[in-house]
There are 2 protein chains.
Amino acid sequence: MRQKEKVTIYDISKKLNISAATVSRALNDSDRVSLKTKELVLKTAKELNYQQNALALALKSGRTFNVGVVVPYINHTFFASVIRGIEEELEPKGYHVIICQTHENVESEAKQIKTLLNTHIDGIFISVSKTTESVKHIEEVRDEGVPLIFFDRKKDISGVSSVTINDFEGAYEATTHLIQQGYTNIAHIGGDHKLEIYKHRYDGYIAALKAHNLPVNDDLLLQVNSTVEAGIEAVKFLLKNNISFDAIFSASDYVALGGMRELRANGFKIPEDVGVVGFSNEPFTKYLERPLTTVGQTPVLMGQIAAQVFLEQITDVKKNFRVEKKVVLSPELYTRDTSIKKGS
Amino acid sequence: MRQKEKVTIYDISKKLNISAATVSRALNDSDRVSLKTKELVLKTAKELNYQQNALALALKSGRTFNVGVVVPYINHTFFASVIRGIEEELEPKGYHVIICQTHENVESEAKQIKTLLNTHIDGIFISVSKTTESVKHIEEVRDEGVPLIFFDRKKDISGVSSVTINDFEGAYEATTHLIQQGYTNIAHIGGDHKLEIYKHRYDGYIAALKAHNLPVNDDLLLQVNSTVEAGIEAVKFLLKNNISFDAIFSASDYVALGGMRELRANGFKIPEDVGVVGFSNEPFTKYLERPLTTVGQTPVLMGQIAAQVFLEQITDVKKNFRVEKKVVLSPELYTRDTSIKKGS
DNA sequence: ACAATTAATGTAATCGATTGCACGAAAATA
DNA sequence: TATTTTCGTGCAATCGATTACATTAATTGT
């Protein structure tokens with residue numbers, strides 16, 4: 001019921017009739033303590049089940065061994081997997097991961113960062129929200145000297161490292177794959193270009209068309225939210241306006257799913273009449289009766305690498321210089337049923 | 001580059017030529033400070049952009065406003081959603097959530113808890129790993145006087161609160177639904193009974209059969225891991241041994257999915273030849289071309305309630321008594337395509 | 001006008017660990 | 001033997017905020 005009184009170095013020092021300073025030095029294996037006392041201290045520390053008080057240490061040293069991760073939503077598979085990657089890499093080094101979600105809201109994002117800074121975390125990992133335009137709250141982190149690492153969704157801020165996916169390449173490959181399968185009239189249902197990732201996917205799509213001498217048709221370009229419903233609406237819009245197309249490259253698996261629903265509802269066969277490629281390799285894509293071709297992003301790896309960049313960064317900070325490291329991971333196309341024309 | 005020097009109450013006290021004690025009292029709105037100084041302090045605090053040092057406060061008060069959440073895997077939708085619920089409830093009260101994953105490994109679980117305790121968190125939420133049998137490491141938390149709340153997967157320990165789903169009821173309803181649809185030969189592919197949840201789901205299944213005067217056939221009872229592959233294997237096993245069945249109630253959506261794959265591969269039609277019901281309402285279940293009937297668990301709500309129980313607990317601890325609160329949430333059956341016989 | 005309250009502020013200890021400086025004792029050197 | 005090193009410890013300040021207790025100043029009552 002009542003708190004067990006914690007054992008401190010003073011308890012050890014009293015028991016052995018030596019000063020707390022010596023105990024501290026012994027526990028830290030300082031070479032200024034005799035072997036005899038060192039062993040004695042270590043022994044009694046074990047006996048009394050001494051646990052170092054992390055708070056006192058943090059107050060003194062300024063390091064908490066806590067890092068913060070800020071994401072739009074933690075129960076989105078992608079972000080949860082990145083967090084897992086970070087956690088797996090940092091946990092063995094004694095770090096704890098504090099997670100925060102912004103619900104795609106800048107104000108929330110700014111507030112979360114503020115409280116994280118106040119909690120004296122040793123570093124921050126962030127994937128910015130869709131609504132983030134001003135980056136003042138992010139620059140503040142950098143200016144306080146706290147290591148900051150962007151992952152997936154970044155902003156261009158000098159002196160900040162980032163780990164991202166090569167969205168351009170992923171989109172280019174996906175589009176090229178559709179072209180090679182014989183599709184020539186490929187629609188692109190993308191997302192808001194305020195987020196770099198969607199801009200890059202768009203660019204990759206355009207580049208692939210041009211590389212294969214296909215015309216770019218503005219009618220085939222849409223920007224929608226990343227939901228099943230938005231996908232349904234997008235395809236409805238295309239059909240209603242009699243815009244003809246024989247394939248869809250979607251910047252979101254959810255949108256692709258919605259789109260396929262609507263296409264089937266209108267009698268279109270996939271992949272015979274319309275080929276479909278999504279983006280993200282969401283877990284559900286491979287469980288569909290007709291598994292969806294999609295671009296995979298290796299989120300766990302992304303988290304691990306972000307963590308490694310952080311670890312490099314803190315040793316650099318000690319040396320009092322800042323490196324700006326930009327890591328770009330290659331995506332992988334998972335070629336599945338929805339984009340393979342029969343007999344080809 | 002270099003750390004901005006943090007502003008402390010001493011900076012304020014120097015600037016105003018008053019003692020740090022008065023500053024502290026003013027900031028805490030004590031009634032032992034004159035209104036004049038109070039305003040003055042508040043004003044200069046804002047001017048200097050003073051931020052309370054959470055570490056110093058934690059060291060003094062023993063409260064860190066951090067809580068720990070221990071789950072098997074954080075990128076499983078269910079757990080991620082529970083965490084989200086906890087986070088949403090506690091964040092407005094100034095708490096931070098520290099997450100840890102055990103990878104279904106007791107040793108890891110024990111270690112995580114140990115380091116959490118050492119970080120002086122204010123409470124721990126835990127869903128135990130599959131391999132957890134001894135509960136010493138968990139009792140230690142209770143004995144240290146740290147509020148502890150089980151969610152979903154619990155162990156019976158006196159003096160510890162829990163928030164769970166009524167798995168019995170969920171299984172009972174799912175099975176009853178199949179019976180009402182006209183299925184009479186229902187197999188149950190469950191999980192290891194070491195986890196209470198699987199035992200309860202099994203019990204619910206049995207109870208439903210008995211309530212409808214259906215015989216319990218041991219051949220129709222399997223225990224497997226919660227994976228697609230295990231589902232495939234399970235159905236293969238049933239078919240190979242010529243065990244006839246016209247429905248499957250699975251304790252896992254993944255297993256149900258694998259089972260359906262294998263059934264279709266063998267020419268069975270779902271739901272005409274075999275009805276299928278899963279458990280968990282994983283996101284993918286509703287995106288299947290033939291959406292899966294499944295039992296939903298309201299994980300976000302579970303997290304929120306767990307958080308509320310925690311908040312009650314800490315006020316109780318102050319009053320120096322412990323309440324053991326057991327909250328059991330009702331699951332909800334999502335009736336979808338895989339269990340509705342045509343024309344019925 | 002003087003004692004008794006009350007109001008406002010200051011002093012110093014505390015939370016637990018770390019660390020520069022100082023001190024005494026033993027060992028090495030002259 | 002006298003003197004300088006070296007070695008092991010202890011003292012006390014520090015990190016930043018809180019709070020019991022002490023102290024001073026202002027106010028009230030008689």
Side-chain angles (χ1 to χ4, degrees), chain A residues 3-42 44-45 48-66 94 117-122 144-145, chain B residues 3-42 44-45 48-66 94 117-122 144-145:
Chain A
Q3 305 264 136
K4 247 192 217 168
E5 4 43 67
K6 300 271 180 184
V7 178
T8 72
I9 53 171
Y10 296 97
D11 297 319
I12 300 178
S13 78
K14 259 174 225 152
K15 178 150 193 192
L16 295 178
N17 260 323
I18 56 179
S19 77
T22 304
V23 175
S24 170
R25 281 190 275 256
L27 292 170
N28 287 294
D29 202 26
S30 154
D31 52 5
R32 299 183 51 195
V33 183
S34 74
L35 204 67
K36 218 187 293 173
T37 27
K38 218 182 263 187
E39 281 171 353
L40 210 58
V41 168
L42 256 40
T44 43
L48 300 179
N49 190 28
Y50 166 78
Q51 297 279 115
Q52 192 186 46
N53 185 322
L55 291 173
L57 183 59
L59 178 59
K60 192 90 225 300
S61 68
R63 293 186 65 187
T64 55
F65 280 94
N66 286 334
L117 285 177
N118 194 229
T119 317
H120 296 250
I121 73 290
D122 292 350
E144 287 230 358
Chain B
Q3 305 265 134
K4 247 193 219 169
E5 3 44 68
K6 300 270 182 184
V7 178
T8 72
I9 53 171
Y10 296 97
D11 297 318
I12 300 179
S13 77
K14 260 175 223 153
K15 179 150 192 192
L16 297 178
N17 261 323
I18 56 178
S19 78
T22 304
V23 175
S24 171
R25 281 191 277 255
L27 291 171
N28 287 295
D29 202 26
S30 155
D31 53 3
R32 300 184 49 195
V33 183
S34 74
L35 203 69
K36 217 186 293 173
T37 29
K38 218 182 261 186
E39 282 170 354
L40 209 58
V41 168
L42 255 40
T44 44
L48 300 178
N49 190 28
Y50 167 78
Q51 297 280 114
Q52 193 187 43
N53 185 322
L55 290 174
L57 182 61
L59 178 60
K60 191 88 223 300
S61 69
R63 292 185 67 186
T64 55
F65 280 94
N66 286 334
L117 286 178
N118 192 228
T119 317
H120 296 248
I121 73 289
D122 292 351
E144 286 229 358

Touch class at under 4.0 angstrom, heavy-atom based, for [X] against every strand present:
X	result
Leu55(B)	nothing
Leu59(B)	base
Leu57(A)	sugar-phosphate
Thr37(B)	sugar-phosphate
Ser24(A)	base
Thr8(B)	sugar-phosphate

Checklist entry - Ser34(A) side chain N/O closer than 4.0 Å to the phosphate oxygens (OP1, OP2) of dG8(D)? => result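 No.
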Checklist entry - Does Ser19(B) put a side-chain nitrogen or oxygen below 4.0 Å from OP1 or OP2 of dG10(C)? => result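 The answer is yes; a side-chain N or O of Ser19(B) sits under 4.0 Å from OP1 or OP2.
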[X] has an atom [atom1]; how far is it from atom [atom2] of [N], in whole Å?
X	N	atom1	atom2	answer
Gln51(A)	dG16(C)	CD	P	14 Å
Arg25(A)	dA12(D)	CZ	C1'	12 Å
Asp31(B)	dT6(C)	CG	P	14 Å
Arg63(B)	dG16(C)	CZ	P	17 Å
Lys38(A)	dC7(D)	NZ	P	13 Å
Gln52(B)	dC15(D)	CD	P	17 Å
Leu27(A)	dT9(D)	CG	P	13 Å
Tyr10(B)	dA12(C)	OH	P	13 Å

Would the distance check show the side chain of [X] and the main-chain N or O of [Y] forming a donor-acceptor pair, the cut-off being under 3.5 Å?
X	Y	value
Thr44(A)	Ile12(A)	no
Thr119(B)	Ile121(B)	no
Lys38(B)	Asp31(B)	no
Asn118(B)	Gln52(A)	yes

Checklist entry - Has the side chain of Arg32(A) got a donor or acceptor that lies under 3.5 Å from a partner of the other kind on the base of dG20(C)? => result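 Per atom types, no contact qualifies.
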Checklist entry - Closest to the Asn28(B) side chain: dT18(D), dT9(D), dA17(D)? => result dT18(D)
Next on the checklist: Given dG16(D), dA12(C), dT9(C), identify the nucleotide with an atom nearest to the side chain of Lys60(B).
Outcome noted: dG16(D)
Checklist entry - Do His120(B) and Asn66(B) come within less than 4.5 Å of each other through their side chains, counting heavy atoms only? => result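 His120(B) does not reach Asn66(B) side chain to side chain.
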Item to check | First of Ala56(B) and Asn17(B) reached from the 5' end of DNA chain C, by closest nucleotide | outcome: Asn17(B)
